[in-house]
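All remarks here apply to the structure that follows.
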Amino acid sequence: MYPPLRGFLRRCHEQFAADDSGAVANYIPELTRANPAHFGVSLATIDGHVYEVGDSSTPFTIQSISKAFVFALALETLGHERVESVIGVEPSGEAFNSIRLTGDNKPFNPMVNAGAIACSGLIHQHEGDGAFDLIHRTLGRFAGRELDVDEAVFASERATGDRNRAIAWLLRNYSVLGDDVDAVLDVYFRQCAVLVTARDLAVMAATLANCGRNPLTGEQIISSYVVARTLSVMTSSGMYDYAGEWIYRVGIPAKSGVGGGIIAALPAQLGLGTFSPRLDSHGNSVRGLKVCEALSAHFGLHVLNRSDDVRTCIISDYHAAGVSSRRNRQNFELAILQERASDIRVIELVGALSFAAMDYVSRRLDGEGPPGELLILDFRRVPSATTAAARLLAEALAGLAARGVTLIVAGFEKASQLWQAIHAERNVLPKLRHFSLLDDAIEWAEDQVIYRYGGFEGLAKTTHLSEQALLAGLCPDEIDHIAAIGLARAFKTGERIIAAGDPAASLFFLQSGMVSVKLRSGVRLASISPGMAFGEMALIERERSADVWADTAVQCLELPLSAYASFRKSHPASGELIMRNLAALLARRLVLANAKVDLLSAY
Ligand code: GLN
């Protein structure tokens, strides 16, 4: 029974299949042909997985479930003002086919027949003869496949649907509908006769739960504004005169149809589709209701019963002292960074940012840092931010900027949803420096600190071989010897000096310029400045493990291993010293790596 949710749905199916109370709808003659034993359950997750149990691929007519989607379509194509001018959003507390209108002669809401017929009327006004086609195609996009129509059910309801005809003429009387009453009714009857399966319903519901994006096809079908309005009326009126009871007991926006289907859409979680033709006195599928109730009760899914520990959205908050960028710094630079350790603060965030999470972050940001503090916010684990979160963030950053904090953001591309949400607040947003990678942001911040405290004076000049950490302790004669057996090399900006996979046949002493060691994926392992060696692992390993690129024009001394071998033979003590120096450099890198591991595991 794996995964567990599949086991749960199977148990529900088994248990509720035994319930044969209720009756198949018979006021539309063709519906009496439904097999009362059919029972299908399907659940679609917002990452696009679909669970199916029982008769989940048996087609039946969508009936009133179409109302939710046609309302969404009307909002999307005509705008909320037009739609709201014609149809209310109040629960009627009456059956789906009630003929009563509100005091100002509008249908109560789009989930009862009067409102749904008005909705189809709006689309007919807009699209003319193409109205049903548009509805049909839209339902298919929600389901992620082309849907058929049950012409027999359509014809049957058309021939007998006098009550709906009465509702439509009442709407005509109050000018909610125009002159084309019969054409509108045809659109409505036909949309009700669209054939779906429980699986289709689950996907359609999951599309509503997923902010209007079909989780299987990835297509954005309606805007999140329209989703919120649609789910609202489903919540208050989706189950007709059982709606109050429904929200109280189940608490998941839902819609039922007399064909025996029910959809339930739990925002950001799942879409459920059930099919069982036996209906209760409200016109809701008996077994479908039970599945919804069980799912909600067993997992505590009531929409109003949510909680979240917003403090988990900060995965780490540290000063960039122990955890520096991957640029290998020279000793005088390290000294400055160590002394000014608290100047650079890094906050790494995680998870989608909500209103409450960002409020918490804004309070954490508020600590008084040193004057001229550099604050780095890393978003690489943040997939998105709500409008509320973006707004709070922009204002928090504006406050920090006013206090003189330098603001750096990292870990996202400018095309991301996250940046679009933040950028929408550009009238409050202060100047931000953006880096795609956190490491680059830390390096930039370190450069600022080093620059402020005079560290750049040391950088411009070319270093002598005697300043190489790897050669520390060698006497001038030996240094000269090494200089003599090495080859002076120069590289242009952007040139590759070493390629991963090549035989490691030499090591390099950087004398001027800057190089970076990178993996093929583009991840930078280290940046190296004059006075340091690279490719020095050749002393231990036979093959290059990473690429080395010239970030600037570079001058270096390449020492072939063959030449070095004879030096080592003639100067065994120096050879050992160099290996010790190498060990010390590796140890320093290990200490740094350990500090990062420590930091990551602390959260
Ligand atoms: N076509 C049906 C009707 O108008 C739809 C009703 C329903 O599913 N509740 O009567």
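Values below: all heavy atoms of this structure, side chains included; hydrogens, waters and symmetry mates excluded. Whatever order the structure lists ligands and atoms in, that order sets their numbers, starting from 1. These numbers come from a predicted model, not from an experiment.
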Which pairs of donor and acceptor atoms, one on a side chain in residues 83-90, lie under 3.5 Å apart (sequence neighbours left out)?
residue	atom	partner	partner atom	Å
Glu84	OE1	His80	ND1	3.4
Glu84	OE2	His80	ND1	3.4
Ser85	OG	Arg82	O	2.6

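If you look at ligand 1, the protein residues with a non-hydrogen atom under 4.0 Å away are Tyr27, Gln63, Ser64, Phe96, Asn113, Glu157, Asn164, Tyr188, Cys192, Tyr240, Gly257, Val258.
Note: Phe412 and His434 have tilted aromatic rings, judged against thresholds of 30 and 60 degrees for the angle between ring planes.
Between the side chains of Tyr242 and Ser256, not a single donor N or O lies within less than 3.5 Å of an accepting N or O.
For the side chain to side chain contact (heavy atoms under 4.5 Å, CB included) test, residues two or more places apart in sequence or in another chain that qualify with Arg391 are Thr387, Glu395, Glu425. Remark: Ser236 pairs with Pro91 by the side chain to side chain contact (heavy atoms under 4.5 Å, CB included) rule, at least two apart or across chains.
Here Arg306 contributes atom CZ and Gln269 contributes atom CD; the two are 6.0 Å apart, rounded to the nearest 0.5 Å.
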